[in-house]
Amino acid sequence: MSSHRKLSYSLAINEALHQMMAEDPSVFLIGQGVKSPWYVGDTAQGLLERFGTDRVIDTPVSENAMTGAAVGAALTGMRPVVVHPRVDFMFYAFDPIINEAANWYYMNGGKLPAPVVFWGIINRGGEQAAQHSQSLHGMFAQVPGLKVVMPATPYDAKGLMIAAIREPNPVVFIDDRWLYKLEEPVPEEIYEVEIGKGNVLRPGTDVTVVASSFMVQESLKASEMLVKEGINIEVIDLRTVKPLDENLILASVQKTGRLVVVDGGWRTCGLSAEVSALVSERAFGALKVPVVRITLPDCPAPASATLEKAYYRTSVDIIRAVKGII
Amino acid sequence: MLRIRLCEEAFVEPILAGEVHCPCHLYSGEEAVAVGVCAALTDRDYVFGNHRSHGHYLAKGGSMQEMVAEVFCRETGCSRGRGGSMHLIAPDVGMLGSAPIVAGTISLALGAALSSTIRRDGRVAVTFFGDGATGEGVLYECMSFAALKKLPIIFVCENNYYATHMPIRECRVEREIHEIARPFGIESRQIDGNDVLAVYDAGLHAVEKCRSGNGPVFIECLTYRYRGHVGPDDNVQGSHTDIRPREEIDLWREKDPIKRFEGYLSDQRIMTQEDLKMARAEVTREVTDAHDFARRSPLPRAEELEKYVFA
Ligand SMILES: Cc1ncc(C[n+]2csc(CCOP(=O)(O)OP(=O)(O)O)c2C)c(N)n1
Ligand SMILES: [Mg+2]
């Protein structure tokens, strides 16, 4: 029964928060807009009414302090989830996230872990321009001491949020407003999606397509179109950006010999570069053709819709790339 | 003020019709702040704005045509369609830019003031920010350094009592924002931000202090926005951030800065009703022209996406 219950991506996150807050009194939610759907969609609905203002804290515009407070609370044994309604606002919080939380455990000889979830929402499009459109997972993934997860499906959104909250170390959880309406069956019970494990969403033999978050959905669309032409791509949903599920990627490339890496972030020194480097280091011999990357250009997000259309990548780009290498 | 008001209100229809897509934080109701402060400046002085900067840009002397074209994201816009409503710039008249990261441009104005002291060129920098920005630590860092170096910077806080869906009482215990500058030894005062002459007086005084090497100055302007946080009415548009009571909005409507100044002008026999009517007609024409200009203007071309990328 329960496995047929459908839930949207955003409500899957909401359910994870409800269940974790009910299960564990040390879990709390802090951040801007937790009581405003304008900021966080319906991901936080019902939490304030159910758990009260002690554990559901809408904050002034003070990202650095609020994020640091979450880290400090984590050091005292709480399990905070600090939400940033746009990842762009997280730049103010890079210090507590990176200098403090990511390093704390190591630089103190493993004495005190910081079990905190830094939840950042990608919110782009709609001519919002450069400061309201960014995707920063590549930057976070570069930092030792941060795990970075990016669910592409409602099932994973719930399971990864639960795993992130239960994880004893800092996790950056990045979701995407463009996925919020996506629906699929989501189990009602509590479950985890293991951090560090990717997923083959479409098995295929011709080309390996590695993607994460929203670009997984575009890859699936590409797969549907390509199948009609007899081309079978294998779609790998990374789910976790750091640590990468290296073996899953390598095994697939061993099988297909062709790799397209799709990333919703920038090109230089980003996730796509990392996946390409991994494959060239560890599966070079399996490659029949050079790796192809589909990423944002190294360009700030533009306002004008005509430029946005040229800026964001879609299934069309993936189809073209796949056809270009077979 | 009238130019700002009529220009802002002219965006309402295109936004609701889906013709303007980019987020517009309208300035209607707050005009006296930008106008009063900018009237005390010259083109050589610097201004930095925030997400709600249509008024700052126009008051500083930016071209209305280029602003409207930018809101329509056209190639002829002041940021060539790359920035939209939240990125307005007119360097020739000292409007060095606006950007929506809350408090993000305060330190840039600090830097403009710093260059003025290094070059000893007497220019003054103004940073416009909202009550919400008082939550960000960078504001306090800037005040401290500005005071330390006696920089020619005017901190103008537009206190409209709300930061998106949050009333000020949920953001801070101390509501007298102007008090935050005092511990840094910065001269600070609170004024009626809907009284353009009071703002102008405060602006003149602050500019004079800054130019004579006795900056910085902090001015808290009490004002109110008539429209939603973003767009004409964000409740109608579905985001429901406007939680303000009807009576409160009505009360502020009575303190309308334009009505008040028009009253002053006719009481003092500076302008007759007829003059005021003519002024309104003239501004209406200017706004209509600006919209025509924007609609006629080309969109940026996709091939030029990366035109201004240098790294
Ligand atoms: C760093 C950062 N955090 C959060 C936001 C989201 N945000 C946009 S406007 C705003 C509040 C602005 O309130 P205020 O400064 O009082 O200006 P007002 O809109 O009232 O003019 C917030 C929090 C942002 N743009 N930047
Ligand atoms: Mg405000």
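Per chain, numbering begins at 1; letters A, B, ... match sequence-line order. Bear in mind the structure is a predicted one, so any value in this text is a computation, not a measurement.
- Only the backbone of Arg301(B) comes within contact range of chain A, judged by heavy atoms closer than 4.5 Å.
- With Tyr161(B) as the aromatic partner, Arg244(B) does not meet the cation-pi criteria of under 6.0 angstrom to the ring centre and within 45 degrees of the ring axis.
- Between Arg124(A) and Asp176(A), at least one side-chain N (NZ, or NE/NH1/NH2) sits under 4.0 Å from a carboxylate O, which counts as a salt bridge.
- Residue-level contacts of residues 88-100 of chain A with chain B, in order of numbering, are Asp88(A), Phe89(A), Tyr92(A); threshold 4.5 Å between heavy atoms.
- Across all their heavy atoms, Val34(A) and Ala44(A) have their closest contact at O-CB, 3.4 Å.
- Look at Glu170(B) and Lys35(A) and you find a salt bridge, because one of the NZ, NE, NH1 or NH2 atoms lies within 4.0 Å of a carboxylate O, short of that distance.
- When every heavy atom of Arg313(A) is checked against every heavy atom of Ala310(A), the shortest pair comes out as NH1-O, 2.9 Å.
- Looking at Ala311(B), only its backbone comes within 4.5 Å of chain A, counting heavy atoms on both sides.
- Ring orientation note: the planes of Phe72(B) and Phe11(B) are tilted relative to one another, at an angle of 30° to 60°.
- A heavy-atom distance below 4.5 Å is not found between the side chains of Val262(A) and Glu218(A).
- The residue among Trp38(A), Tyr311(A), Tyr39(A) with the most heavy atom pairs within less than 4.5 Å of chain B is Trp38(A).
- Taking chain A as the reference chain and counting heavy-atom pairs below 4.5 Å, the highest number among Thr134(B), Asp234(B), Thr164(B), Leu299(B) is found for Thr164(B).
- Between Val287(B) and Met64(B) there is a side-chain heavy-atom pair separated by less than 4.5 Å.
- Between Phe218(B) and Phe129(B), the ring-plane angle classifies as perpendicular under the 30° and 60° cut-offs.
- When each of Gly104(B), Gly84(B), Pro100(B) is checked for heavy-atom pairs under 4.5 Å with chain A, Pro100(B) comes out on top.
- Contacts of residues 50-67 of chain A with chain B at a heavy-atom distance below 4.5 Å involve Asp58(A), Thr59(A), Pro60(A), Val61(A), Ser62(A), Glu63(A), listed in sequence order.
- Between Arg225(B) and Glu158(B) there is no salt bridge, since no side-chain nitrogen of the basic residue lies less than 4.0 Å from a carboxylate oxygen of the acidic one.
- Ranked by heavy-atom pairs under 4.5 Å with chain B, the first of Ala129(A), Ser304(A), Pro37(A) is Ser304(A).
- Glu127(A) and Arg82(B) are not joined by a salt bridge, as no carboxylate oxygen comes within less than 4.0 angstrom of a charged side-chain nitrogen.
- Interface remark: of the candidates His165(B), Glu306(B), His21(B), His165(B) forms the most heavy-atom pairs closer than 4.5 Å to chain A.
- The aromatic ring centroids of His87(B) and His132(A) lie 6.0 Å or more from each other.
- With a 4.5 Å cut-off on side-chain heavy atoms, Leu296(A) and Tyr312(A) count as touching.
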